[in-house]
J.: 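First the structure, which I've put down as structure tokens, then a few questions once you've had a look.
All values derive from a computational prediction rather than experimental measurement.
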Amino acid sequence: MVGYFSSWDYSPDPARFAFNIVPGSVLSTWLYNNTDRSVLAAIPFHFVGNATGQLLELSPTAERYQAVITIALVLVVPLRWGPVDVRCSDDRARPPY
């Protein structure tokens, strides 16, 4: 992660940073699948996550709360919409070809 936060005085804990990639991936996948595979829906989601991570330096306590809330959200999404393909309905969007 050398150079990732090079212009900031803050550098995240590598273990916590790596752990947060998994819940973010689940939420991004859910968003992508439930917007008829729209990359344009996933891009702002990813941008907001990066922007807030770079612009707002959270205290260690706030980072713990953020992790707990994100994990709770990741657990709710598959339980509500199903763990198989993280979709809310049985019909799938098909490619146009």
Side-chain angles (χ1 to χ4, degrees):
M1 289 185 3
V2 174
Y4 184 74
F5 283 90
S6 62
S7 63
W8 303 89
D9 292 333
Y10 170 75
S11 62
D13 175 34
R16 185 175 291 152
F17 182 80
F19 177 78
N20 285 332
I21 290 173
V22 174
S25 298
V26 171
L27 293 175
S28 294
T29 301
W30 175 83
L31 182 65
Y32 173 76
N33 286 340
N34 286 283
T35 56
D36 292 328
R37 298 179 180 173
S38 172
V39 176
L40 285 175
I43 289 172
F45 178 76
H46 190 270
F47 173 78
V48 167
N50 283 351
T52 56
Q54 297 239 348
L55 297 175
L56 302 175
E57 185 176 342
L58 298 177
S59 69
T61 304
E63 284 182 356
R64 282 188 220 108
Y65 285 126
Q66 179 189 23
V68 168
I69 290 169
T70 303
I71 291 169
L73 186 59
V74 165
L75 292 174
V76 167
V77 166
L79 289 174
R80 169 67 174 89
W81 285 280
V84 176
D85 58 2
V86 198
R87 290 189 57 84
C88 61
S89 64
D90 291 333
D91 56 333
R92 298 188 120 178
R94 299 288 179 208
Y97 51 85

J.: Closest heavy-atom contact between Gly24 and Phe45?
T.: O-CE2, 4.2 Å
J.: Can you measure from CG (Asn20) to CD (Glu63) and round to the nearest 0.5 angstrom?
T.: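 Separation between the atoms: 8.5 Å.
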J.: Testing Val68, Leu73, Leu75, Ile69 for side-chain contact (heavy atoms from CB on, under 4.5 Å) with Ile71, which one passes?
T.: Leu75
J.: Among Val22, Ile21, Leu27, which residue meets the side-chain contact (heavy atoms from CB on, under 4.5 Å) test with Ser25?
T.: Ile21
J.: Grab the two heavy atoms, one from Thr70 and one from Pro23, that are nearest each other, plus how far apart they are.
T.: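 In this case the closest contact between Thr70 and Pro23 is CG2-CB, 3.6 Å.
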J.: Indicate yes or no: at least one non-hydrogen side-chain atom of Tyr32 is less than 4.5 angstrom from one of Ser38.
T.: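 The answer is no, as the side chains (C-beta and beyond) never meet within the 4.5 Å cut-off.
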